[in-house]
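To start, the structure itself, in C-alpha cells.
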Amino acid sequence: MLKIGQYEIESRLLLGTGKFPNFSMQKQAIARSGAKILTFAVRRMALFDAEQPNLLQELDLNNYLFLPNTAGAKTAEEAVRVAKLARASGLCHMVKVEVIGCNETLLPDPIETYRACEQLIAEGFTVLPYTSDDVVLARKLQELGVHAIMPGASPIGSGQGIINPLNLSFIIEQATVPVIVDAGIGSPADAAYAMEIGADGVLLNTAVSGAKDPVKMADAMRLAVEAGRLGYEAGRIDQKKYATASSSMKGLPHYG
Ligand SMILES: CC(=O)[C@@H](O)[C@H](O)COP(=O)(O)O
C-alpha cells in the first residue's frame with residue numbers, strides 16, 4: 001500500500017490523463033493500468049464550466065483520487081493560484097507542483113518549486129513536487145514538509161527512461177517520504193527498474209498515451225510496476241564479477 005500524506009493507495013502506478021487518441025481509449029487504458037491516482041493539468045480543464053469538454057469527462061470520478069498538476073506555471077505564485085483553483089473545484093486537496101524553468105527541456109525550476117511548496121504546505125495542501133533528480137533539493141523539500149518527492153527519470157515526454165539511476169538511488173535512500181519517479185519513462189522495463197531500485201511509485205503518461213496500443217501498454221506498465229516492487233521486496237542477489245556454478249560441485253568425485 002502506498003501512503004501519501006493522509007491517503008492510502010492500492011496501486012503504485014500513477015497515470016497522466018493527457019494526450020490519449022480519444023476519451024474511450026483513455027478510459028480503457030486507465031482501467032487496465034489499475035492506477036488509482038490520476039493527474040491532470042488544471043490549465044487544460046474547464047473546471048467551472050460543465051458545458052465544456054474536459055479531460056476527465058468519461059471517467060467515474062468516484063473511482064479515483066485526482067492529483068491536479070500546475071503544469072504551465074513558471075513562478076511559485078502562478079502554481080499556488082492554479083492549485084487553489086483546483087481545490088476550489090472540490091476535486092482534491094493534493095497537488096503536483098510543476099513549475100517549469102526551461103521551455104526546451106521542461107525541467108523544473110528548483111527555486112520556484114521550493115517557494116511554491118512552502119506556500120502550499122502553509123495552505124494545508126498535500127504537496128507532491130515534481131523535481132529534477134537533485135539529491136540536495138529532494139532533502140530540502142522533505143525538510144520543508146512535502147508529502148512525496150517526484151524526481152524525473154528524464155525530460156517529460158522524452159521516453160528516455162532513467163538517465164541517472166545513481167542520483168535516484170541516493171534520493172530513495174535518504175527519503176523520509178514516498179519517492180514517485182515521474183516523467184521520461186519510455187517502456188515497462190524503465191518502470192520496473194525504477195521500482196526495483198526502491199521507488200515507491202511511478203507516474204507516467206506519454207509511454208501509455210503515445211503507445212501503438214495504449215490499452216495493452218497500460219496493462220504492461222501495471223505488471224512492470226508490480227514486478228519491480230516484488231523484486232525490490234524480494235531483494236536481488238549481489239552482482240559478482242565472476243561466475244558461480246548454479247549447482248554445488250562439492251563432494252562430487254572429480255571435484256573433491
Ligand atoms: C502528466 C504529467 O504530469 C506529466 O507532466 C508527467 O511528468 C509525465 O511525464 P511523461 O509523459 O514523460 O510520462
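The first residue in the sequence is number 1, and the count goes up from there.
Within 6.0 Å of CZ on Arg139 lie no more than 12 heavy atoms contributed by other residues, nucleotides or ligands. Heavy atoms of other residues, nucleotides or ligands lying less than 6.0 angstrom from CD1 of Ile237 number 12 at most. Within a 6.0 Å radius of CD in Glu233, other residues, nucleotides and ligands contribute more than 12 heavy atoms. Ile111 CD1: 12 or fewer foreign heavy atoms inside a 6.0 Å radius.
Looking at Leu38 and Leu59, their side chains come closer than 4.5 Å, going by heavy atoms from C-beta outward. Between Ile172 and Tyr232 there is no side-chain heavy-atom pair separated by less than 4.5 Å. A heavy-atom distance below 4.5 Å is found between the side chains of Thr131 and Pro151. No side-chain heavy atom of Leu203 sits under 4.5 Å from any side-chain heavy atom of Leu15. Looking at heavy atoms from C-beta onward, Tyr114 lies in side-chain contact with Glu118 at the 4.5 angstrom threshold. The shortest side-chain heavy-atom distance between Met221 and Pro188 falls under the 4.5 Å cut-off. Two residues are said to be in side-chain contact when any heavy atoms from C-beta on lie closer than 4.5 Å; Ile149 and Ile180 fail this criterion. For the pair Val202/Leu14, no side-chain contact is recorded, criterion being any heavy-atom separation below 4.5 Å from C-beta on.
Listed here is the closest heavy atom pair of Glu78 and Gly72: OE1-O, 4.0 Å. What you find for Val136 and Asp134 is that their closest heavy atoms are N-OD1, 2.9 Å. Closest heavy-atom contact between Leu144 and Cys117: CD2-CB, 3.9 Å. When all heavy atoms are compared, the tightest approach of Pro110 to Pro108 is CD-O, 3.3 Å. Residues Ala29 and Val208 approach most closely at CB-CG1, 4.2 Å, considering heavy atoms. The minimum heavy-atom distance linking Leu106 with Tyr130 is given by the pair O-OH, 3.7 Å.
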- Query: Between Leu61 and Phe66, is a side chain to side chain contact (heavy atoms under 4.5 Å, CB included) present by the stated rule, with each step listed?
  - Reply: CA-CA 8 Å; Leu61 302 188; Phe66 288 97; 3.7 Å; yes

- Yes or no on side chain to side chain contact (heavy atoms under 4.5 Å, CB included) for Tyr7 and His147, after CA distance, side-chain angles and deciding distance? CA-CA 10 Å; Tyr7 301 99; His147 301 84; over 6 Å; no

- Item | Pair Arg12-Asp200, side chain to side chain contact (heavy atoms under 4.5 Å, CB included): steps then yes or no | CA-CA 7 Å; Arg12 292 177 182 274; Asp200 298 280; 4.0 Å; yes

- Task: Would you sort out whether Arg115 and Glu112 count as a salt bridge (charged side-chain N to carboxylate O under 4.0 Å, His left out), showing the intermediate values?
- Result: CA-CA 5 Å; Arg115 289 183 55 237; Glu112 294 300 308; 2.8 Å; yes

- Message: One pair to check against side chain to side chain contact (heavy atoms under 4.5 Å, CB included): Lys36 and Leu65. What are the steps and the verdict?
- Response: CA-CA 6 Å; Lys36 293 292 169 210; Leu65 266 180; 5.9 Å; no

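Each salt bridge (charged side-chain N to carboxylate O under 4.0 Å, His left out) pair with one or both residues in residues 90-105, not counting sequence neighbours, appears once here: Lys96-Glu98, Lys96-Asp182.
In this structure a side-chain-to-backbone donor-acceptor pair under 3.5 Å is present from Gln26 to Thr17. The backbone N or O of Asp219 lies less than 3.5 Å from no partner atom in the side chain of Arg32, so there is not a single donor-acceptor pair. A donor-acceptor contact shorter than 3.5 Å links the side chain of Ser154 to the backbone of Gly161. Between the side chain of Thr39 and the main chain of Leu67, a donor-acceptor pair closer than 3.5 Å is present. When atom types are taken as modelled, the side chain of Thr70 and the backbone of Ala73 share no donor-acceptor pair closer than 3.5 angstrom.
Note: Arg87 CZ to Thr126 OG1 = 9.5 Å, rounded to the nearest 0.5 Å. Of the inter-residue distances, the one linking Ile37 atom CD1 with Leu2 atom CG reads 6.0 Å to the nearest 0.5 angstrom. Atom CE in Met94 sits 12.0 Å away from atom CG in Asn69 (nearest 0.5 Å). Residue Met1 holds its CE atom at 5.5 Å from CD of Glu8, rounded to the nearest 0.5 Å. The CG atom of Asn167 lies 9.5 Å from the CD1 atom of Ile163; values are rounded to the nearest 0.5 Å. Going from atom CD1 of Ile156 over to atom OG1 of Thr105 covers 9.0 Å, rounded to the nearest 0.5 Å.
Note: the hydrophobic cluster containing Ile100 does not contain Met150 (ILVMFWY, side chain heavy atoms under 4.5 Å, direct or indirect links). Under a hydrophobic-cluster definition in which Ile, Leu, Val, Met, Phe, Trp and Tyr are linked whenever side-chain heavy atoms come within less than 4.5 Å, directly or via other members, Leu107 and Val179 are assigned to different clusters. Linking Ile, Leu, Val, Met, Phe, Trp and Tyr whenever their side-chain heavy atoms come within less than 4.5 Å leaves Ile4 and Val146 in two separate clusters. Tracing side-chain contacts under 4.5 Å through hydrophobic residues (I, L, V, M, F, W, Y), one never reaches Leu128 starting from Val135; they form parts of separate clusters. Under the 4.5 Å side-chain heavy-atom criterion for grouping Ile, Leu, Val, Met, Phe, Trp and Tyr, Leu13 is not connected to Ile9 through any hydrophobic cluster.
Side-chain N/O atoms of Asn205 and Ser209 include a donor and acceptor closer than 3.5 Å. Side-chain contact annotation: Glu173 with Ser169, donor-acceptor N/O pair under 3.5 Å absent. There is a side-chain donor-acceptor pair under 3.5 Å between Thr176 and Gln142.
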Listing, residues 189-198 side-chain donor-acceptor contacts under 3.5 Å, not counting sequence neighbours, or none:
{"unit_1": "Asp190", "atom_1": "OD2", "unit_2": "Gly186", "atom_2": "N", "d": "2.8"}
{"unit_1": "Asp190", "atom_1": "OD2", "unit_2": "Ser187", "atom_2": "N", "d": "3.0"}

